[in-house]
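In this text the structure is predicted, and so the values were computed from the model without any measurement. One-based numbering along the sequence shown. What's counted below: heavy atoms across the whole structure, side chains too, no hydrogens, waters or symmetry copies.
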Amino acid sequence: MLINHDTRCALDAVVDLVNTAPGDGGEDRLPDVAALRRFVERNAVSDIGTLGERDLAAVRSVRARFAEVFATAGSRTRHTAELLNTMIAAAGTTPRLTDHDGYDWHVHYFAPGASLADHLAADGGMALAFLVVAGEHERLRRCEAPDCRFAFVDLSRNRSRRYCDSRTCGNRLHVAAYRARRKEAAS
């Protein structure tokens, strides 16, 4: 599947945002405005002014809507499309060509001066919409490691990725299965 640079960046930001949510009694990885600033820096989100508590609350709301998209993506395409349509419309999507920060021409979907939440909803929502249009919405997944469940976008050629990170979650489960087989063989 061919995904251009700005769509990939938007998908990465969506995944990062969804994975900041507290899961199964875990802690919220977006607890305050300082963490929100780090999120913006980590994802190189451009055209963002001063951030405050209102931005934090609005981004958490967008995060919940993105999490719902991941929850419905594999099975309920119509519902996923409705979620994305609502989010994109509410963000006041305004497509425009831009070439900033050393990147060639690409499209931003947020209006100039948009809030961080609208920026994420517009660009991230459109990136997810492209996957739905391409019939690739099943690529939106959750890690199969029972103690993880992080979101990720499976961009592998054969759609076979099962873990958010094969070096951590995947390797941990493979080592555990190997040890279990060895223990059983020794008995």
Are any side-chain N or O atoms of Asp123 and backbone N or O atoms of Tyr109, one a donor and one an acceptor, separated by less than 3.5 Å? yes
Short question: side chain of Arg78, backbone of Ala81 - any donor-acceptor pair under 3.5 Å? no
Run the side chain to side chain contact (heavy atoms under 4.5 Å, CB included) test against Arg141 and tell me which residues pass, sequence neighbours left out. Phe152, Asp154, Arg159
Only counting residues at least two apart or in another chain, list the ones meeting side chain to side chain contact (heavy atoms under 4.5 Å, CB included) with Asp12. Arg8
Should the heavy atoms of other residues, nucleotides or ligands under 6.0 Å from CZ of Arg96 be counted, would the total exceed 12? yes
Please work out whether the ring planes of His119 and His108 are parallel, tilted or perpendicular, with thresholds of 30° and 60°. tilted
Donor-acceptor pair, side chain of Arg65 and main chain of Met87, under 3.5 angstrom: no
Checking Ala35 now: which residues fulfil side chain to side chain contact (heavy atoms under 4.5 Å, CB included) with it, not counting sequence neighbours? Leu30, Pro31, Asp32, Arg38
Residues in side chain to side chain contact (heavy atoms under 4.5 Å, CB included) with Glu41, at least two apart? none
Using the test ring-ring contact (aromatic ring centres under 6.0 Å, His included), find all partners of Phe66 that sit at least two apart in sequence or belong to another chain. none
Just to verify, what does His137 make a ring-ring contact (aromatic ring centres under 6.0 Å, His included) with, not counting sequence neighbours? none
Test: Asp28 and Arg63 ion pair at under 4.0 Å: yes
For Asp118 and Ser115, indicate whether the former's side chain and the latter's backbone hold a donor-acceptor pair under 3.5 Å. no
Just by modelled atom types, is the Thr72 backbone N or O under 3.5 Å from a matching donor or acceptor in the Thr80 side chain? yes
